[in-house]
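Remember, predicted model here, so these are calculated numbers, not experimental data. Lettering of chains follows the sequences in order, A, B, ..., and the numbering in each one begins at 1.
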There are 2 protein chains.
Amino acid sequence: MFRIGEFAQIAQVSGRQLRFYDQIDLLRPARTDPQTGYRYYSIRQLPRLNRILALKELGLSLDQIAPLLENEISPVELRGMLIIKRSQVEQSLREEEARLRHIESRIAQIDREDGMDGYDVVVKSVPATPFLALKCSCQDMEEAVHMIRAVADDGGRQVRIALRDKLVVVARNDHEDEKLELEIGFSLTRPSNASVRIAGDHVLKPSELPAVATMATIVRVGTDPTSHSSFGAIGTWIEANGCEIAGSCREVFLEPVVGSPGLAAALVEIQFPVRKAA
Amino acid sequence: MFRIGEFAQIAQVSGRQLRFYDQIDLLRPARTDPQTGYRYYSIRQLPRLNRILALKELGLSLDQIAPLLENEISPVELRGMLIIKRSQVEQSLREEEARLRHIESRIAQIDREDGMDGYDVVVKSVPATPFLALKCSCQDMEEAVHMIRAVADDGGRQVRIALRDKLVVVARNDHEDEKLELEIGFSLTRPSNASVRIAGDHVLKPSELPAVATMATIVRVGTDPTSHSSFGAIGTWIEANGCEIAGSCREVFLEPVVGSPGLAAALVEIQFPVRKAA
DNA sequence: GTGGCGGTTTGACGCGGCGTCAAAGTCAAG
DNA sequence: CTTGACTTTGACGCCGCGTCAAACCGCCAC
């Protein structure tokens, strides 16, 4: 018979641990002195403790281990538990790997002394949304900004405020064309069939922004100057994450765009639909 | 301004989470109505929340994130934190991989319907111990058992009980010889220079069992019948763990071996020194 | 006004597996 | 008998919220 400290030393566990296992009836000492409360362990209890430790290392919880020790669980059930556990471990392995890649890419980013702003990429899911937008192809950014401003201002006036939600620009990058294929318009709070004619003989037509389950997003202030760096950041992120782009990029203006400095000072969320690369 | 529920929906977090971040001063709402206590968030707070979420995904704790948000931390310090985090993640990756291999080998074991007893392999470290033992080489198991019994009985009588600790058999398996190169003796509670002569003109000589940092161990009842299966189990375990054997195997008799059925009914701990395979 | 429903508040407990005190009692050696 | 090492119970801490509960608030329909 050993006192708790000796037994703890033999089994390389802490005394607190043994007391805890006693408390939850996982491993009770062979004898407990009723006078003093001292716990006395037999070396014969070592196999049980070792079994506990071995199963714990497999990732099973103490609640799961308890019935195993009492042989209240058939090998088939244990197999089932292990199958589940395996998939959990595989999942967490993938997550840890992704985490590791992200950490490394951030370290590399610091070493490059990049502007470290706006590297807060977050994945979220977005639901399908009714959309009222103008399709157009622009030669350059300048023309695009002009069109966006036109839609924001004129459309903002003509679409009822209760219906209008947020200004959204969708960039279709299917073909490696020089031109920017854009859809510029408003997400809507509820579906609507009405078209809206704005200045310059353009028409906003109703459609739908499809739902995206995994969308890599980044929020940025202002459209132009840092545009390149934040796109770069999200690209780096996607690469580090082992993902690939799975659709057209969106820019969502989170605040109503008002007046002349509106676009430059606006809070914009860049969204890239992504999926796990094959 | 959004109420907590709307903001939570936008950012894809729970309201409880936002309340918690408020509580720990990580993200306070833009305004809190002093009358009702209602929290009102501005969309301008989304970047901060996103930064929190992004850093959290890197594995940083909220306590670590807080100063980062206040720019109280230089990029160099952040880099240091990330380096540390990286090594932690690498470590946990290795552990998870080992866990996965162990789970899979146990599933395979169930599928083979092996006797599932005694697969509770536990790694521990053992300190160096003074040792009083007889070196001998035996032709077969029968002779070995005979020698062990001789040492146990006769040595047990002659070595003072306060000095004697446990019966230990060390199996040197350096050369692929047929013969068993054994050291049979007692671990001692303190160093001693005395030799002990036992029956059959054999002599127990003092030496030392070297310390082993990582020892794969398994506890078993009885020496003979299941010997093969438990050695198999520990071998499988070592393989699954990506380890290799790094020294001579030991059998430690955890209980004093008394009388005739002593060896067969004894509680024995098999020990294999291991190290990570290259 | 008023009833109702859905959102919000604070507050508390729970989780998992112990670590880490603190105060008081026990054991064995000198 | 003293001393110092060990043990007991009990409580709180951890980390990041989830999940109640009871009470309160806002907005819409009547």
Enquirer: Roughly, in whole Å, what's the span from CZ in B/F7 to P in C/dT8?
Expert: 13 Å

Enquirer: Which nucleotide sits closest to the side chain of A/K56: D/dG16, C/dC18, C/dG19?
Expert: C/dC18

Enquirer: How close or far is atom C1' of C/dT8 from atom CZ of B/F2, stated in whole angstroms?
Expert: 17 Å

Enquirer: Checking B/Y41 now: which residues fulfil ring-ring contact (aromatic ring centres under 6.0 Å, His included) with it, not counting sequence neighbours?
Expert: B/F7

Enquirer: Where along residues 16-25 of chain B does a heavy atom fall under 4.0 Å from DNA chain C?
Expert: B/R16, B/R19

Enquirer: With sequence neighbours left out, which residue pairs that include part of residues 63-109 of chain B fulfil the ring-ring contact (aromatic ring centres under 6.0 Å, His included) condition?
Expert: B/H102-B/W237

Enquirer: For A/I52 and C/dG17, what is the distance between atoms CD1 and P respectively, to the nearest whole Å?
Expert: 12 Å

Enquirer: To the side chain of B/S14, which of D/dG18, D/dG16, C/dT9 is closest?
Expert: D/dG18

Enquirer: If the cut-off is 4.0 Å, is A/R39 near the phosphate of D/dT9, judged by side-chain N/O to OP1 or OP2?
Expert: yes

Enquirer: Looking at B/R99 and B/E96, does any basic side-chain N land under 4.0 Å from a carboxylate oxygen?
Expert: yes

Enquirer: C/dG7 P sits how many Å from B/Q9 CD, rounded?
Expert: 9 Å

Enquirer: So what is the end-to-end bend of the helix from C/dG1-D/dC30 to C/dG30-D/dC1, with 5 pairs used at each end and the value given to 10 degrees?
Expert: 30°

Enquirer: Find the distance B/I4:CD1 to D/dC17:C1' and express it as a whole number of Å.
Expert: 13 Å

Enquirer: Can you check whether B/C243's main-chain N or O pairs, donor with acceptor, with B/N241's side chain at less than 3.5 Å?
Expert: no

Enquirer: Using atom CD of B/Q64 as one end and atom C1' of D/dC14 as the other, report the distance to the nearest whole Å.
Expert: 14 Å

Enquirer: Regarding A/R220 and A/E269, does a basic nitrogen lie under 4.0 Å from an acidic carboxylate oxygen?
Expert: no

Enquirer: Can you tell me if B/T214 uses its side chain to pair, donor with acceptor, with the backbone of B/V274 under 3.5 Å?
Expert: yes

Enquirer: Any salt bridge (charged side-chain N to carboxylate O under 4.0 Å, His left out) pairs touching residues 79-90 of chain B, not counting sequence neighbours?
Expert: A/D111-B/R79

Enquirer: How far does NZ of B/K166 sit from CD of B/E255, to the nearest 0.5 angstrom?
Expert: 11.0 Å

Enquirer: Roughly, in whole Å, what's the span from CE in B/M1 to C1' in D/dG26?
Expert: 17 Å

Enquirer: Pairs under 3.5 angstrom, nitrogen or oxygen only, protein versus nucleotides 26-29 of chain C, please.
Expert:
{"unit_1": "C/dT26", "atom_1": "O4'", "unit_2": "A/Y38", "atom_2": "OH", "d": "3.1"}

Enquirer: Just by modelled atom types, is the B/R101 backbone N or O under 3.5 Å from a matching donor or acceptor in the B/E104 side chain?
Expert: no

Enquirer: Strictly distance-based, threshold 3.5 Å: is any side-chain N or O of B/Q45 a donor or acceptor partner for the main-chain N or O of B/S42?
Expert: yes

Enquirer: If we ignore hydrogens and angles and just use 3.5 Å, is the side chain of B/T217 paired with the main-chain N or O of B/V122 as donor and acceptor?
Expert: yes

